[in-house]
Amino acid sequence: MNIEISTAAIKVITQKIQIQELVCHAGNSGMGLSQVWAVFFDLDNILIDMTRVSRKGMLEVIKLLQSKYHFKEEAEVICDKVQIKLSKECFHPSNTCITDLRNLHWEEAIQETKGGAANRKLTEGCYFLWKSTYLQHMTLADVKAMFTELQKEVCLLLLTNGERQTQREIEACACLSYFDAIVVDGEQKEEKPAPSIFYYSCDLLGVQPGDCVMVGDTLETDI
């Protein structure tokens with residue numbers, strides 16, 4: 001893939017900047033493109049503010065810990081610890097499943113804050129409540145107009161990290177109809193930024209790599 005556009009660029013696109021201006025931007029970056037035929041989007045923190053969505057789930061967990069388990073300020077401390085763990089999360093689908101990893105985040109945060117033996121029921125309850133609230137608040141409302149305009153000009157592909165569970169997140173944000181193809185790299189032999197996953201994505205759309213733009217938030221993992 002030839003160019004990555006930051007989260008800030010999404011705001012520019014949503015202000016109805018024409019596709020041709022996107023092409024000009026690519027040309028100024030040395031791509032020498034004559035036409036953009038496809039745009040690949042990352043999901044997390046590009047189309048959806050995952051930190052904001054996660055915080056919605058954390059607030060529900062805080063209420064649970066305070067009302068049912070009678071935690072006081074520890075409830076917020078636990079959720080803050082989990083949020084930090086999520087921000088530093090390094091997930092490899094071949095080594096573990098995302099559910100086990102995130103249950104572990106909650107277990108560690110609770111033990112670090114409260115001490116004592118692991119409480120599996122409490123851990124799983126916190127994770128389930130956080131995840132279900134998180135999924136409920138995933139929405140593409142802010143970028144639907146952008147997609148409607150882009151669909152008139154180019155092919156669209158969602159290329160996101162994760163494993164099969166990521167499909168539930170994609171379904172939750174009701175974005176399937178906006179993309180010509182969806183690729184979850186945990187289902188492929190290699191993950192971003194391996195060239196193979198980009199070639200695979202290009203093949204799905206019938207385009208050449210030089211005719212595509214990748215929109216992501218992390219240079220090291222999205223390009």
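Atoms considered below: every heavy atom in the structure, side chains included; atoms not considered: hydrogens, waters and symmetry mates.
Here the shortest heavy-atom pairing between Cys202 and Cys212 reads SG-SG, 3.9 Å. For Ser201 against Ile197, the heavy-atom pair with the smallest separation is OG-O, 2.9 Å. Of all the heavy atoms in Ser196 and Glu190, the pair that sits closest is OG-OE1, 2.6 Å. Nearest heavy-atom pair across Asn45 and Met50 is OD1-N, 3.2 Å. Smallest separation of non-hydrogen atoms from Gln66 and Ala75: CG-CB, 3.8 Å. Taking every heavy atom of both residues into account, Lys192 and Leu159 meet most closely at NZ-O, 3.2 Å.
Annotation: cation-pi geometry satisfied between Lys114 and Phe71 (NZ/CZ under 6.0 angstrom from ring centroid, within 45° of ring axis).
Here CG of Leu64 is found 5.5 Å from SG of Cys126. Values are rounded to the nearest 0.5 Å. Atom-to-atom distance recorded for Ile46:CD1 and Thr218:OG1 is 8.0 Å, nearest 0.5 angstrom. Taken to the nearest 0.5 Å, the CZ atom of Arg52 stands 10.0 Å off from the CE atom of Met138. Put simply, CG on Asn103 and NZ on Lys131 are 8.5 Å apart, with the number rounded to the nearest 0.5 Å.
At most 12 heavy atoms of other shown residues, nucleotides or ligands fall within 6.0 angstrom of atom CD in Gln208.
In this structure the side chain of Val82 reaches within 4.5 angstrom of the side chain of Met58, judged on heavy atoms. Val61 places a side-chain heavy atom less than 4.5 Å from the side chain of Trp130. Looking at Leu150 and Phe41, their side chains come closer than 4.5 Å, going by heavy atoms from C-beta outward. A heavy-atom distance below 4.5 Å is found between the side chains of Pro209 and Tyr199. Under the 4.5 Å side-chain criterion, counting only non-hydrogen atoms from C-beta, Asp42 is not in contact with Val215. Considering only heavy atoms from C-beta on, Cys79 comes within 4.5 Å of Trp106 through its side chain. Side-chain contact check for Thr139 versus Ile48: every heavy-atom pair is 4.5 Å or farther apart. Using a 4.5 Å heavy-atom threshold, the side chains of Asp211 and Val36 count as separate.
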- request: Give the C-alpha distance, both sets of side-chain angles, the deciding distance and a yes or no for salt bridge (Lys or Arg N to Asp or Glu O under 4.0 Å) between Lys121 and Glu124.
  value: CA-CA 5 Å; Lys121 182 178 179 180; Glu124 292 180 347; over 6 Å; no

query: For Arg55 and Asp80, what are the C-alpha separation, side-chain angles and deciding distance, and is it a salt bridge (Lys or Arg N to Asp or Glu O under 4.0 Å)?
result: CA-CA 9 Å; Arg55 189 58 187 167; Asp80 286 343; 3.6 Å; yes

- request: Give the intermediate values and the outcome of side chain to side chain contact (heavy atoms under 4.5 Å, CB included) for residues Glu89 and Ile98.
  value: CA-CA 10 Å; Glu89 189 173 82; Ile98 195 69; 3.7 Å; yes

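Side chain of Thr113 to backbone of Ile110: no donor-acceptor contact under 3.5 angstrom is found. Ser54 places no side-chain N or O within donor-acceptor distance of the main-chain N or O of Thr51, the cut-off being under 3.5 Å.
Partner Phe40 forms a side chain to side chain contact (heavy atoms under 4.5 Å, CB included) with one of Leu205, Leu156, Leu158 and no other, that one being Leu205. A side chain to side chain contact (heavy atoms under 4.5 Å, CB included) with His105 is found for exactly one of Lys81, Gln83, Lys85, Lys88, namely Lys85.
The hydrophobic cluster containing Leu176 also contains Tyr178, counting ILVMFWY residues as joined when their side-chain heavy atoms lie under 4.5 angstrom apart, directly or transitively. Residues Val77 and Leu104 fall into different hydrophobic clusters, defined by Ile, Leu, Val, Met, Phe, Trp and Tyr side chains chained together at heavy-atom separations under 4.5 Å. No continuous path of hydrophobic side-chain contacts links Ile62 to Leu122 [ILVMFWY only; heavy atoms under 4.5 Å]. Ile78 and Leu59 are members of different hydrophobic clusters when ILVMFWY side chains are connected at heavy-atom separations under 4.5 Å.
Aromatic ring centres of Tyr134 and Tyr127: separated by at least 6.0 Å.
In this structure, a donor-acceptor pair under 3.5 Å is absent between the side chains of Thr133 and Glu60.
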